[in-house]
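Report on one structure; see the data block that follows.
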Amino acid sequence: MLNLHAMKNIKSAKIIHLTLVLIITFFSCANDEGSITKIPEPIVLSFELVVSQQNTLRITANNTSTGINGLNSYWQFTENGPKVTDEAGPEMHLYDASGDYLVTLTVEAPEGDIQLSKTVTVTDSNEMQPPLKDATNSFSVGMAVKSSQLNTQHSDILIREFNNLTAEFEMKMNIMYPSQGNYDFTAADAIVNYGVDNNMNIHGHTLIWHTATPEWVNNFSGTDEEFEDMIEDYITTVVTRYAGVVRSWDVVNEAIEDNTNNLRNSVFRQRMGDDYISKCYQFARNADPNALLFYNDYNITFDVGKQEATFAIVDDLRSKNLIDGIGAQMHIDIFFPSATQIQSIIDGTVSRGLKMHFAELDVRVNPNNDLTFLTEARAIAQQNKVREVVELYNAIPDANKFALTVWGMRDSETWLIDFWGQPDWPLLYDDIFKPKLAHKGFLEALDN
Ligand code: G3I
């Protein structure tokens with residue numbers, strides 16, 4: 001039997017032995033400088049290339065190599081192209097044109113450079129996608145323009161893709177009739193002539209709109225009768241000037257209060273009475289009996305009161321043969337309104353034998369202001385919403401189709417950014433004029 005003293009000695013001996021083993025192990029792993037030698041991880045080069053869906057000329061290169069910590073590395077996105085430092089995280093590269101490109105990652109190892117190359121195929125979406133206007137012959141495809149855009153880069157896309165032209169703001173009363181007796185058709189003429197020269201239909205927008213009324217009209221000093229004569233003269237002058245050239249007019253725009261079925265109490269209603277709308281349509285009809293006359297408003301897909309009031313206005317005009325169609329402004333977002341709501345304005349228009357204009361299309365992707373850039377997921381959601389809208393439009397009987405008009409070309413040019421005071425990307429082209437997924441969604445709806 002071991003006594004307690006002997007057991008203590010054995011325990012001490014074990015501790016000393018363990019300590020010695022640790023010390024020996026430590027020094028056997030130490031180099032000359034006394035630090036620990038790590039067995040170097042082998043260098044294995046690898047990377048991933050992903051082509052963006054949003055912009056099919058853009059790639060993301062992600063270096064997934066192992067064993068290169070502390071070594072310099074760089075990318076070449078074309079064969080023998082310029083060296084781009086490989087920073088931490090994925091690198092983006094934008095190509096100028098479609099093609100197969102050799103992407104090379106070089107690591108400067110102590111024994112000499114190590115390289116890995118892969119080929120990536122990118123495509124210019126301009127080349128991939130046929131022009132919108134060629135995708136259908138049952139309705140025209142419209143774009144809103146400013147006269148300042150006519151001889152710029154916008155023009156290539158306008159001529160290639162669109163066959164219906166709307167002035168975004170220069171064919172409104174505040175621009176065409178800035179002071180009493182003095183018309184200014186400079187910008188309107190430029191837009192109309194451009195449309196004629198390029199075989200486009202021209203949609204006149206808009207003769208009477210409370211928001212674009214010049215101050216002198218709001219403060220008109222004559223009698224009500226003189227006011228009405230002045231309005232008749234204005235509508236006659238404008239519509240006559242463009243008779244035979246402007247195919248269609250929004251005569252009155254947005255006459256109904258939001259969330260009600262009441263007429264706005266505009267200066268036109270105050271001065272000319274509740275029937276001011278049919279008076280204006282009569283003036284337009286007289287000036288050009290061949291022009292198609294539209295009533296145009298927003299939120300009439302889902303605002304039930306507004307939709308009812310719209311149908312009441314057009315029913316009155318129909319009874320006098322003064323209306324040819326309804327313009328449903330499509331200022332919508334990726335979540336709302338629903339296909340059923342959109343269908344409701346189509347049904348009411350078609351059942352009345354009128355033409356349907358899907359006017360002013362823009363599809364907000366950031367209505368809740370939770371984006372600082374257009375994510376791939378939202379770009380796809382926008383593509384889906386645009387496809388849905390165009391499919392609904394395309395399913396309208398041909399006799400009731402007219403045009404589907406997009407409200408602006410590039411995302412950065414949309415009125416919505418100023419209006420809502422937050423970023424958004426609601427249109428079909430990005431800021432370098434590349435068609436977005438939304439553009440593809442438009443075409444997908446017509447691809448049958
Ligand atoms: O007044 C100056 C003009 O003299 C100058 O030539 C021009 C140079 O850019 O600036 C002018 O201000 C313009 C303003 O309208 C005048 O009314 C702005 O640039 C112009 O962008 C502007 O806003 C337009 C707005 O209607 C008012 O006309 C928007 O571009 C246009 O998107 C917007 O469109 C309306 C539809 O017509 C009807 N439905 C709603 C939609 C959005 O508000």
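In each ligand, atom 1 is the first atom listed, and ligand 1 is the first ligand listed.
- Between the choices Phe419, Phe169, Trp407, Trp415, the shortest heavy-atom distance to atom 34 (O) of ligand 1 belongs to Trp407.
- With distances taken over non-hydrogen atoms, the option nearest atom 37 (O) of ligand 1 out of Gln329, Lys172, Glu168 is Lys172.
- At a heavy-atom distance under 4.0 Å, only side-chain atoms of Asn174, from C-beta outward, approach ligand 1.
- The aromatic ring centres of His357 and Phe402 sit less than 6.0 Å apart.
- The aromatic ring centroids of Phe77 and Tyr101 lie 6.0 Å or more from each other.
- Shown here are the salt bridge (Lys or Arg N to Asp or Glu O under 4.0 Å) partners of Asp250, two or more places apart in sequence or in another chain: there are none.
- Closest protein heavy atom to atom 21 (O) of ligand 1: Lys146 CE, 4.0 Å.
- Checking atom 30 (O) of ligand 1 against the protein gives a heavy-atom contact under 4.0 Å.
- Atom CD of Glu79 is surrounded by 12 or fewer heavy atoms from other residues, nucleotides or ligands within 6.0 Å.
- The protein atom (non-hydrogen) at minimum distance from atom 1 (O) of ligand 1 is Ile175 CD1, 4.3 Å.
- In this structure, the protein non-hydrogen atom closest to atom 35 (C) of ligand 1 is Trp209 CH2, 3.6 Å.
- Taking a cut-off of under 4.0 Å to the non-hydrogen atoms of Glu360, the atoms of ligand 1 that pass are 36 (C), 38 (C), 39 (N), 40 (C), 41 (C).
- With a heavy-atom cut-off of 4.0 Å, Asn253 touches ligand 1 through its side chain alone.
- Under the 4.0 Å distance rule, the nearest protein heavy atom to atom 4 (O) of ligand 1 falls outside the cut-off.
- Atom numbering of ligand 1 starts at 1 in the shown order; those under 4.0 Å from a heavy atom of Glu254 are 38 (C), 39 (N), 40 (C).
- Take Asp303 and apply the salt bridge (Lys or Arg N to Asp or Glu O under 4.0 Å) test, not counting sequence neighbours, and it matches no residue.
- Closest approach of Pro435 and Gln129 over heavy atoms only: CB-OE1, 4.1 Å.
- Not a single heavy atom of Glu170 sits less than 4.0 Å from an atom of ligand 1.
- In this structure, Asp398 places its CG atom where more than 12 heavy-atom neighbours from other residues, nucleotides or ligands lie under 6.0 Å away.
- Within a 4.0 Å radius of atom 42 (C) of ligand 1, the protein has at least one heavy atom.
- Taking a distance limit of 4.0 Å, we find that atom 26 (O) of ligand 1 is approached by some protein heavy atom.
- Considering every non-hydrogen atom in both Val192 and Ile202, the closest pair reads O-CD1, 3.4 Å.
- Defined by atom type and a distance below 3.5 Å, a donor-acceptor pair is missing between the side-chain atoms of Thr206 and Asn253.
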